[in-house]
Amino acid sequence: MLYHLLYPLHERYSIFNVFRYITFRTAYAMLTALLLSFLLGPWLIDRLRRLRVGETIRELGPQRHQLKAGTPTMGGLLILLALIVPTLLWSDLTNRYVWVVLLATVSFGLIGFADDYLKLRKKKGMSIRLKFSLQILVAAAISLYLYYFPANSYTSELTVPFLKNFRPNLSWFYIPFAIGVIVGTCNGVNLTDGLDGLAIGPLIISAMAFMGISYLAGHASFANYLMIINVKGAGELTIFCGTMVGAGLGFLWFNAYPAQVFMGDTGSLPLGAALGTVAIITKHELLLAIVGGLFVIETLSVIIQVCSFRLRGRRVFNMAPIHHHYELKGWAEPKVIVRFWIISIILALISLSTLKLR
Ligand code: 57M
C-alpha cells in the first residue's frame with residue numbers, strides 16, 4: 001500500500017524513487033515486522049496468559065519440559081500479523097505471487113489456529129486425517145494455479161543443485177510434487193518446533209537464503225548470468241522473505257530460551273507452507289531440502305524411529321524427533337538449540353554455493 005501511495009509522488013519529488021527498489025522496500029518491510037513484533041509481543045503474551053492459552057506438557061517427554069507447563073502458546077498470531085501487515089504495506093500488490101504466498105500463509109495459519117484452539121478448549125486437536133486433508137487441499141489449490149498459470153515454459157522442470165544441464169521435466173506429476181513440497185515443509189517445521197527457538201532460528205536462516213534466491217531468480221540479468229530459471233515477478237518475493245526474517249527475529253526475541261511464548265501450529269504451519277511456496281515459485285524446490293536441511297533431518301529422524309520400532313521392535317534414537325535424543329543424552333537445551341542453528345547456517349551456505357558451483 002505504501003508502495004502504491006508513495007511511489008507515484010516521484011514525479012514531483014525524486015526522493016520517492018526509492019520506493020521502486022526491492023532492496024529498499026525489503027529492508028523497511030523487515031524493520032516494520034520487527035517493530036510490530038516488539039510493540040505487540042508483550043501485549044499479546046499478556047492477553048494469551050490471561051486467556052489461559054497455556055501449554056500442557058506431555059508426560060512421556062524429557063522431564064525438564066515439565067517446567068514449561070503453562071507457557072502461553074499460539075504466539076504464531078504475532079508471527080502472522082508481523083508477516084501480513086508489512087507485506088501489504090511494502091509490496092507491489094499487483095504482483096500475483098505476493099497474493100499466492102499470502103494465501104498460503106493465511107490458509108495454513110487458519111488450519112494451525114483451529115488445531116491449537118481445539119487442543120486448548122476441547123483437549124484434543126484436529127484428527128490427523130482432517131489436518132492433512134486440509135493441508136493437501138490448500139497446497140493443491142496453490143500448485144494447480146502455479147501449474148496452469150505459469151510464468152514461463154519451465155514450470156514443470158526442476159533445477160537440480162550442482163547440475164546446470166540436467167533439468168528433469170515432471171510434466172503433470174509436478175502438481176503432486178509441489179503439494180508434497182508445501183505439506184512436507186510445513187510438517188517439517190512443526191516437528192522441529194520442540195525446543196525454545198529451535199524452529200524459528202533455521203526458519204530465519206532459510207528465509208534469508210530465499211531472500212537472495214528470490215531476488216536473483218526475479219532479475220533477468222542475474223538469473224541469466226547464474227544460469228538459473230528467470231521467473232518474472234518472483235523478485236517481489238524478496239520483500240515477503242525479508243518480512244519473514246523480521247517477523248521471525250521479532251518472535252525469537254520472546255521465544256528465546258527460556259521461552260515466554262510458543263508459536264503453536266498457528267505459527268509453524270504457515271511459516272513452513274510460505275517457505276515451501278516461495279521455493280516452488282522461484283523454481284528452487286530441490287534446493288529447499290538443503291536450505292531447510294534441518295527440518296529434513298528432524299523429519300527423517302521420526303521416520304527412521306517409527307520404521308525401526310515397527311520392523312525391529314527397537315528404537316534408533318533415545319527419542320524422536322532428534323532434538324529430544326540429544327536432550328536425553330544430557331545436553332543442555334540451549335546447547336542443542338545453538339548447535340542445530342549452526343548446522344542450519346552451514347546448510348544455507350552450502351545451498352547458496354550451488355548457485356555458482358554447477
Ligand atoms: C509438534 N510439539 C511439541 C508448542 C509448539 C510422530 C511424532 C514424532 C509427532 C511428534 C509431534 O507431536 N510433533 C508435533 C511438537 C510441543 O510444542 C507445542 O507444539 C507446537 C508446535 N506444533 O509451538 O505449542 C512441546 O515442545 C516443547 N517446545 C518448547 N519450546 C518451543 O518453543 O520447549 C515447543 C516450542 C511443548 C514444549 O515442551 O509442549 C512436542 O514436542 O510435543 N511427537 C513428538 O515430538 C513426541 N515424540 C515421540 O512420541 N517420539 C516417539 C515416536 C512417536 C517417534 C519415539 O521417539 O519413540 C515427543 N513430544 C513430547 N514429548 N512433547 C515426545 C516427548
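Ligands are counted one by one from 1 in listed order, and the atoms in each one are counted from 1 as well. As the structure is a computational prediction, the values presented were derived from the model and not from experiment.
- For the pair Asn318 and ligand 1, the shortest N or O to N or O distance does not fall below 3.5 Å.
- Closest to atom 49 (O) of ligand 1, if we only count protein heavy atoms, is Leu60 CD1, 4.0 Å.
- If you number the atoms of ligand 1 from 1 as listed, the ones under 4.0 Å from a heavy atom of Thr73 come out as 24 (O).
- Between Phe38 and Trp253, the ring center distance clears the sub-6.0 Å criterion.
- Contact atoms of ligand 1 toward Met319: 56 (O), 63 (C), 64 (C) (distance under 4.0 Å to a heavy atom of the residue).
- Heavy atoms of Pro321 approach ligand 1 to within less than 4.0 angstrom.
- With Phe309 as the aromatic partner, Arg314 does not meet the cation-pi criteria of under 6.0 angstrom to the ring centre and within 45 degrees of the ring axis.
- For atom 56 (O) of ligand 1, the closest non-hydrogen atom of the protein is Ala320 N, 2.7 Å.
- When only non-hydrogen protein atoms are considered, atom 31 (C) of ligand 1 lies nearest to Phe262 CD2, 3.3 Å.
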Is there a side chain to side chain donor-acceptor pair (under 3.5 Å) between Asp92 and Thr94? Walk through the geometry before answering. CA-CA 6 Å; Asp92 170 2; Thr94 60; 2.5 Å; yes
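- For the pair Gly194 and ligand 1, the shortest N or O to N or O distance falls below 3.5 Å.
- With ring centers used as reference points, Phe16 lies 6.0 Å or more from His10.
- Here the protein heavy atom with the shortest distance to atom 59 (N) of ligand 1 is Arg58 NH2, 3.5 Å.
- Here the heavy atom of the protein found nearest to atom 30 (N) of ligand 1 is Asp196 OD1, 2.7 Å.
- Of all atoms in ligand 1, listed by their number and element, those nearer than 4.0 Å to a heavy atom of His65 are 27 (C), 33 (O), 37 (C), 38 (O).
- Atoms of ligand 1 found under 4.0 Å from any heavy atom of Leu195, numbered from 1 in the order shown, are 28 (N), 29 (C), 30 (N), 31 (C), 32 (O), 33 (O).
- Of the protein's heavy atoms, at least one falls inside 4.0 Å of atom 1 (C) of ligand 1.
- Closest to atom 61 (N) of ligand 1 among all protein heavy atoms lies Gly61 CA, 3.3 Å.
- Residue Asn255 approaches ligand 1 through these ligand atoms, each under 4.0 Å from one of its heavy atoms: 32 (O).
- For atom 13 (N) of ligand 1, the nearest protein heavy atom (residue, atom name, distance) is Leu191 CD2, 3.6 Å.
- Closest to atom 17 (O) of ligand 1 by heavy atom, among Val302, Ile322, Asp193, is Asp193.
- By the 6.0 Å contact criterion, CZ on Arg47 is open, its count of non-hydrogen atoms from other residues, nucleotides or ligands being 12 or less.
- Every atom of ligand 1 with a heavy atom of Arg315 under 4.0 Å away is listed here by number and element: 55 (C), 57 (O).
- One distance of note links CH2 of Trp172 with OG of Ser156; it measures 12.0 Å at 0.5 Å rounding.
- Salt-bridge check for Asp116 with Lys119: passed, with a basic side-chain N closer than 4.0 Å to an acidic carboxylate O.
- Here the closest non-hydrogen pair linking Ile229 and Asn152 is CG2-ND2, 3.8 Å.
- Remark: among candidates Gln305, Met263, Gln260, the nearest residue to atom 55 (C) of ligand 1 is Gln305, based on non-hydrogen atoms.
- The protein heavy-atom contact nearest to atom 25 (C) of ligand 1 is Glu55 OE2, 4.2 Å.
- A salt bridge links Lys68 to Asp196: at least one charged side-chain nitrogen sits closer than 4.0 Å to a carboxylate oxygen.
- Backbone and side-chain nitrogen or oxygen atoms of Lys68 are examined, and one is located within less than 3.5 angstrom of a nitrogen or oxygen of ligand 1.
- The pair Lys283-Glu157 does not meet the salt-bridge criterion, since no charged nitrogen lies less than 4.0 angstrom from a carboxylate oxygen.
- Two rings, from Phe177 and Phe173, have their centers 6.0 Å or more apart.
- Atom CH2 of Trp331 and atom OH of Tyr326 lie 5.5 Å apart (nearest 0.5 Å).
- Here's the thing with Val306: none of its N/O atoms is less than 3.5 angstrom from an N/O atom of ligand 1.
- A cation-pi contact, defined as under 6.0 Å to the ring centre and within 45° of the axis, is absent between Arg20 and Tyr7.
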